[in-house]
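By convention in this document, chain letters (A, B, ...) are assigned in the order of the sequence lines, proteins followed by strands, and residues within each chain are numbered from 1.
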Amino acid sequence: MLDLRYVVDHLEPVRARLARRGGAYGPLLEEIAGFAAERRTAIIESERIARELNDATAAMAKIADKKSPDFAAAREKNRALGDQRKVFELQQAQAEASIAERLQSLPNEPDDSAPDGLDEEHNVEVKRWGTVPTMDFAPKDHYDLGVALGILDFERAVKLSGPRFAVLWGQGALLERALISFMLDMHTREHGYTELCTPYLVKDSALFGTGNLPKFADQLFRIATSDERTYDLYLIPTAEVPVTNLHADEILADEQLPRKYTAFTPCFRAEAGAAGRDTKGMIRQHQFDKIELVRLERPEDSDAAHETLTRHAEQVLERLGLHYRRVLLCAGDMGFSAKKTYDIEVWLPGQQKFREISSCSNFGDFQARRAGLKYRPADDGKGKAKPRLLHTINGSALAVGRTLVAVLEQYQQADGSVIVPEALRPYCGGLERITPRR
RNA sequence: GGAGGAGUGGCCGAGUGGUUGAAGGCAGCGGUCUUGAAAACCGCCGUACCGGGAACGGUACCAGGGGUUCGAAUCCCUUCUCCUCCGCCA
């Protein structure tokens, strides 16, 4: 969420920046400015009366005889003041509701470094690592490979849960587990992240904090409530949600920064509107495993932290020897809450193209404002520093299912077996090659 | 699921309708003292919003929401959370 005062004081630049995302936000911004003016006059009036009322009430407390005519007169006067005040309070509340509804629907401002463009055609490749694996045979995709090896089972998943699920068998399940441990060990031991194990069900307030609600409810699985509960629970679409909200409504001390967290969780996505896209295989599932990195940073450190975090994600692929590229998303292709995003795309020989395996974003203070993530700067001078909003940065490091897909496809052999990347072998009991399940 | 109890500032803890944003203590910050440290003493020490260039002034907040009242941390309703006992259970 953008700051109300900032928006009102910078209507035109905000409109111009948001326009780069492809929407016409001018009318909405004008409405916000109008309601902001209404809100302000209502507050001024309501507070003026409140002060008068407080003074009068204090005076009444000093009248000894509560049955005197003076007391009765004062009571009547205050009653009238109270009624007046309610009118302005109601005005204020209505204006604020109107503002909130509109402000919440505004996406974050794209960073100046995000290129122009409205779709992925305009994303900019900024680096490429490794080379396309050489194969003197026609590479299969992970679906054919996995099913032939007996490690991926989509038919039985349909029986259990419908489309967009998978069952992993034997060495497939082992590989998934190995990837999880490998990535977590790397981020905790080498990159200094603190591992968290979080709830997979969260309240709507957490989803509001990251920007998933109220706008993107159709992407979420909501858990039906029994009538004992007054709030709904949702399956997390990413660990970003519980981890980013971990310190919601706290004011962290300067010396606690930066916070660097990593978490493994399954992720659940409704994939509404994705009908027909990636219907085959494990690329787009209702449930998938992911290792997430989340950082809470001082504003002045967030750009550098974003670069560092992106490198941490890339290093997973490098350690696994997987060919990839990094892409800087254009303004129109970024998520709602992000101001700058790098996608990491891994090469899939079966599709002969790069596919997203990680998305690393700097959100500036957009999520922090929604979630109430603040810190108190170290007071260098004599002044006691006021709390400031943090910046949030996060990225997948990595999506485990898609990593499994990439390993299968890039390490496949002519005979249909798959070599296990060296870095992974300690995590699979020394397994060197995946061969058909008997 | 059944029966009780409780939610006050970073922490502990007073306060049951009238200068209480809230006593006192701890922690923290600044200072005096000290070779240094400790102790002692003095001062400071919540957040958000509104006005203001600022100094500063004002309003709101005692788990959340609603109500009663001229006036609520204090009374009423409701939701949530935590604790104790019983039941069930990975």
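- Atom CD in Gln84(A) sits about 17 Å away from atom P in rU59(B), given to the nearest Å.
- Atom name P, nucleotides rA3(B) and rG9(B): the rounded distance is 30 Å, in whole Å.
- Atom name P, nucleotides rC75(B) and rC42(B): the rounded distance is 36 Å, in whole Å.
- Contact check of residues 37-55 of chain A against RNA chain B (heavy atom, cut-off under 4.0 Å) returns Arg39(A), Arg40(A), Ile43(A), Ile44(A), Glu47(A), Ala50(A), Arg51(A), Asn54(A).
- For the residue pair Tyr375(A) and Glu255(A), no side-chain donor N or O sits within less than 3.5 Å of a side-chain acceptor on the partner.
- The aromatic rings of Phe165(A) and His286(A) sit tilted, their planes meeting at an angle between 30° and 60°.
- What separates CE of Met60(A) from P of rG17(B) is a distance of 17 Å, to the nearest Å.
- Rounded to the nearest Å, the gap between the P atom of rC44(B) and that of rC83(B) is 38 Å.
- For the residue pair Asn212(A) / Thr210(A), a side-chain donor-acceptor distance below 3.5 Å is found, with atom types taken as modelled.
- Contacts of Leu81(A) with the nucleic acid, taken as non-hydrogen atoms under 4.0 Å apart, are absent.
- No side-chain donor from either of His187(A) and Thr262(A) sits under 3.5 Å from a side-chain acceptor of the other.
- Every stem involving RNA chain B, taken as at least 3 paired positions in a row under the Watson-Crick or G-U wobble test at 3.5 Å, is listed here: B:1-7 with B:80-86, B:10-12 with B:24-26, B:28-32 with B:40-44, B:46-51 with B:56-61, B:63-67 with B:75-79.
- A side-chain N or O of Glu409(A) and one of His142(A) form a donor-acceptor pair less than 3.5 Å apart.
- For the C1' atoms, the distance from rU78(B) to rA27(B) is 37 Å, rounded to whole Å.
- Atom C1' of rC56(B) sits at a distance of 32 Å from the matching atom of rU74(B), rounded to the whole Å.
- rA39(B) and rU34(B) are spaced 11 Å apart, taking the C1' atom of each and rounding to whole Å.
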Take Asn394(A) and Tyr261(A), measure what side chain to side chain donor-acceptor pair (under 3.5 Å) needs, and give me the verdict at the end. CA-CA 9 Å; Asn394(A) 71 52; Tyr261(A) 295 116; over 6 Å; no
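- What separates NZ of Lys374(A) from C1' of rC49(B) is a distance of 11 Å, to the nearest Å.
- Here the C1' atom of nucleotide rU59(B) and the CD atom of Gln92(A) are 9 Å apart, to the nearest Å.
- Residue order along RNA chain B, read from the 5' end via each residue's closest nucleotide, puts Ala58(A) first among Ala58(A) and Ile251(A).
- For the pair Lys203(A) NZ and rU79(B) P, the interatomic distance rounds to 16 Å; values are reported in whole Å.
- Separating the C1' atom of rA22(B) from that of rC45(B) is a span of 15 Å, rounded to the nearest Å.
- One atom, CD of Glu89(A), and another, C1' of rC50(B), lie 14 Å apart when rounded to the nearest Å.
- Of the two residues near RNA chain B, Ala61(A) and Asp3(A), the one whose nearest nucleotide lies more 5' is Ala61(A).
- With no hydrogens or angles considered, a side-chain donor-acceptor pair links Lys340(A) and Ser113(A) at under 3.5 Å.
- The side chain of Arg369(A) places no N or O atom within less than 4.0 Å of a non-bridging phosphate oxygen (OP1 or OP2) of rA48(B).
- The two residues Pro199(A) and Pro242(A) come nearest to each other via the heavy atoms O-CG, 3.9 Å.
- The CG-P distance, from Leu389(A) to rC49(B), rounds to 9 Å in whole Å.
- Phe154(A) and Tyr143(A) have their aromatic ring centers within a separation under 6.0 angstrom.
- A donor-acceptor pair shorter than 3.5 Å can be found between the side chains of Thr392(A) and Gln367(A).
- Proximity note for Arg85(A) (side chain, C-beta onward) versus rU47(B), rG18(B), rA60(B): the nearest is rA60(B).
- Separating the C1' atom of rG17(B) from that of rA73(B) is a span of 10 Å, rounded to the nearest Å.
- Listed pair Arg376(A) / rG28(B) fails the phosphate criterion, with no side-chain N or O lying under 4.0 Å from OP1 or OP2.
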Decide yes or no on ring-ring contact (aromatic ring centres under 6.0 Å, His included) for Phe366(A) and Phe336(A), but give the supporting numbers first. CA-CA 10 Å; Phe366(A) 190 87; Phe336(A) 179 77; 5.7 Å; yes
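- Taking atom CG of residue Asp249(A) and atom P of nucleotide rG64(B), one finds them 12 Å apart after rounding to whole Å.
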